[in-house]
Amino acid sequence: MGLKALDLFCGMGGLSWGLKSTRKIEPIWAVDNCQTALNLYELNLPKTNLLNLDLSRQLDVTSLIEKINFNGGIDLMVGGSPCQGFTQIRNGQDLTSNPNNNFAITFAKIVKALNPIAFIYENVPQIETYKVFKDFLAEFERDKKYKISYRVLEAVNFGNPSRRSRLFVVGFRSNLGRIPNIPTGLDISPRQFWLKRKEQDGNIFYLSGLSEPWYSLLLEPNNCQLVNVEQAISDLPVLTTKTIGITRSYASSPRSIYQKWSRQDIIETDGHVVPQMRPETRKRLKEIVEGGNWRDLPEALTYKIPYKLNSGKLRRNHYSAYRRLLSKGHSPTVQGHSDFAYHYAYERSLTPRELARLMSFTDDYKLGHQYYPVVKAIGNAVPPIVSKAVALSLVEQLE
Ligand SMILES: C[S@@+](CC[C@H](N)C(=O)[O-])C[C@H]1O[C@@H](n2cnc3c(N)ncnc32)[C@H](O)[C@@H]1O
């Protein structure tokens with residue numbers, strides 16, 4: 001066995017799945033308080049000891065530390081605490097009242113109690129601007145037991161088909177005598193991954209904002225340094241209406257090197273279900289070109305959006321409403337709800353398997369046939385391709 005790891009706030013196991021795929025790290029403990037996420041984790045990483053604990057309770061934290069120390073400790077601790085406290089609270093509200101914001105400190109305290117050789121902590125980039133992050137760093141500066149580096153990573157730079165910017169903090173026990181290095185992948189500026197909207201002869205179309213040589217690389221199916229949406233999902237079973245509980249055959253043989261890699265040795269995929277769609281939603285989607293959103297609707301269709309009855313019209317800040325993926329671009333950041341973006345070719349939401357592909361989960365990661373809890377867990381996850389790259393680099397530096 002390689003390095004023994006603990007995954008805190010493990011969710012469905014995006015971080016763990018990436019660690020495991022290095023074949024040099026074994027997640028032996030994982031903790032979360034959401035049973036549906038833990039069920040997914042268990043289905044896929046059955047050898048890990050799973051603990052359903054509430055890490056906002058000191059009693060649960062103490063019992064976790066005792067249990068792990070009693071069982072021989074760990075070499076590596078990883079975790080990404082909930083980020084809603086940093087992404088949803090605005091306008092100078094008191095951030096300390098949101099318990100999610102103290103989980104970074106809980107993470108630091110557990111590191112110090114378990115004393116692993118190294119740790120990886122992950123959260124949204126916004127955390128850097130809050131006091132809690134300074135307090136988190138201060139926890140380690142105080143006794144100088146760990147040397148720390150941190151950096152914002154963009155998942156697309158590692159071959160993930162969807163964007164996702166996350167802050168990664170890596171710590172090495174000081175007695176190793178080295179400062180951690182965090183890989184950046186291709187290191188293309190994240191602004192280039194945004195789509196560009198163009199109008200020509202009265203027609204609207206979207207394209208990737210990547211400049212050359214990256215744009216050509218993005219269109220190349222036999223290269224997986226930059227992977228577009230079509231290269232990620234176009235071989236998945238065709239699905240135009242709601243179907244439940246069916247494992248399905250692929251629509252075609254792999255059409256890209258990314259699809260070949262994703263399929264591993266799997267013959268049929270699960271996770272193919274979508275929620276029912278209102279006829280008026282389908283009508284609107286038909287009017288939107290791939291890559292577009294509600295702004296591309298004819299004026300008449302921008303009124304009476306069902307969930308905004310009181311305002312009558314969509315406001316500009318709902319730029320993501322009725323957003324459709326662009327087949328030859330990157331997907332926007334995958335979020336844990338059904339309408340974060342719609343399919344580029346069909347007027348429907350994305351299936352959990354499509355979302356998992358956009359987040360670099362290989363098809364041997366079983367998703368089952370539920371919809372909402374799976375979509376939520378995928379929207380919370382670290383793309384395994386990123387966790388693998390960070391973990392592999394860490395292992396190389398420790399060797
Ligand atoms: C950002 S997600 C982590 C995703 C995970 N690292 C992955 O890659 O799949 C945060 C997780 O924290 C869990 N969580 C929230 N509050 C918690 C608490 N009080 N105790 C334990 N886990 C909690 C949530 O259930 C969620 O799965």
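One is the number of the first residue; the rest follow in order along the sequence.
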Taking the side chain as every heavy atom from C-beta outward, state whether [X] and [Y] have any atom pair closer than 4.5 Å.
X: Glu290; Y: Leu325; value: no
X: Asn123; Y: Phe103; value: no
X: Leu226; Y: His330; value: yes
X: Glu128; Y: Val152; value: yes
X: Phe136; Y: Ile105; value: yes
X: Ile65; Y: Lys109; value: no
X: Tyr121; Y: Ser81; value: yes

Measuring from atom CG of Leu297 to atom CG of Leu285, what distance do you get when rounded to the nearest 0.5 angstrom?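 One gets 8.5 Å once the value is rounded to the nearest 0.5 Å.
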Is the count of non-hydrogen atoms from other residues, nucleotides or ligands lying under 6.0 Å from [X] atom [atom1] greater than 12?
X: Gln370; atom1: CD; value: no
X: Lys260; atom1: NZ; value: no
X: Glu42; atom1: CD; value: no

Test item: [X] side-chain N/O and [Y] main-chain N/O as donor-acceptor pair under 3.5 Å:
X: Glu122; Y: Val78; answer: no
X: Asp75; Y: Ile117; answer: no
X: Thr106; Y: Asn102; answer: yes
X: Gln259; Y: Gln231; answer: yes
X: Ser327; Y: Tyr344; answer: no
X: Asp270; Y: His369; answer: no
X: Glu66; Y: Phe70; answer: no
X: Arg248; Y: Pro237; answer: no
X: Ser393; Y: Ala389; answer: no
X: Asp60; Y: Leu55; answer: no

In chain order, what residues pass the ring-ring contact (aromatic ring centres under 6.0 Å, His included) check against Tyr365, with sequence neighbours excluded?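 Once residues adjacent in sequence are excluded, the partners of Tyr365 under the ring-ring contact (aromatic ring centres under 6.0 Å, His included) criterion are Trp17, Phe361.
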Considering all heavy atoms of both residues, which atom of [X] and which atom of [Y] are nearest to each other, and what is their separation?
X: Val170; Y: Pro180; result: O-CG, 3.4 Å
X: Gly171; Y: Ile148; result: CA-CG1, 4.2 Å
X: Leu217; Y: Asn223; result: CD1-ND2, 3.5 Å
X: Asp7; Y: Ser16; result: OD2-OG, 2.6 Å
X: Ile179; Y: Ser149; result: CG2-OG, 3.3 Å
X: Lys198; Y: Leu207; result: CG-CD2, 3.6 Å

side-chain contact (heavy atoms from CB on, under 4.5 Å) partners for [X], two or more places apart:
X: Gln200; result: Phe205
X: Ser21; result: Lys388
X: Lys283; result: Leu301
X: Ser387; result: Leu15, Val382

Under the salt bridge (Lys or Arg N to Asp or Glu O under 4.0 Å) test, residues paired with [X] that sit two or more places apart:
X: Arg178; answer: none
X: Arg163; answer: none
X: Asp135; answer: Lys131
X: Asp235; answer: Arg263, Arg357

Please give the remaining members of the hydrophobic cluster of Leu195, linking ILVMFWY side chains under 4.5 Å, ordered by chain and number.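 In the cluster with Leu195 are Ile204, Tyr206, Val289, Leu326.
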So if you build clusters from Ile, Leu, Val, Met, Phe, Trp, Tyr with side-chain heavy-atom gaps below 4.5 Å, do [X] and [Y] land together?
X: Met359; Y: Leu218; value: no
X: Val334; Y: Tyr372; value: yes
X: Ile378; Y: Leu350; value: yes

Before you tell me yes or no, could you show the steps for Asn160 and Ser360 under side-chain hydrogen bond (donor to acceptor under 3.5 Å, both in side chains), namely the whole-Å CA-CA distance, both residues' side-chain angles and the distance that decides it to 0.1 Å? CA-CA 6 Å; Asn160 199 55; Ser360 72; 3.2 Å; yes
Under the salt bridge (charged side-chain N to carboxylate O under 4.0 Å, His left out) test against Glu26, which residue among Lys47, Lys4, Lys20 passes? Lys20
Donor + acceptor pair across side chains of Gln397, Asn181 (<3.5 Å): no
One thing to verify: whether [Y] and [X] come together as a salt bridge, which I'm taking to mean a side-chain N less than 4.0 angstrom from a carboxylate O.
X: Glu347; Y: Arg282; value: no
X: Glu154; Y: Arg164; value: no
X: Asp143; Y: Lys112; value: yes

Can you pull the ring pair (Phe, Tyr, Trp, His ring centres under 6.0 Å) pairs that have at least one residue in residues 141-190, sequence neighbours excluded?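 For residues 141-190: Phe119-Tyr146, Phe133-Tyr150, Phe140-Tyr146.
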Residues forming a side-chain hydrogen bond (donor to acceptor under 3.5 Å, both in side chains) with Lys67, sequence neighbours excluded: none
Quick one: do Ser216 and Glu220 satisfy side-chain hydrogen bond (donor to acceptor under 3.5 Å, both in side chains)? Show the steps, please. CA-CA 6 Å; Ser216 296; Glu220 174 51 63; over 6 Å; no
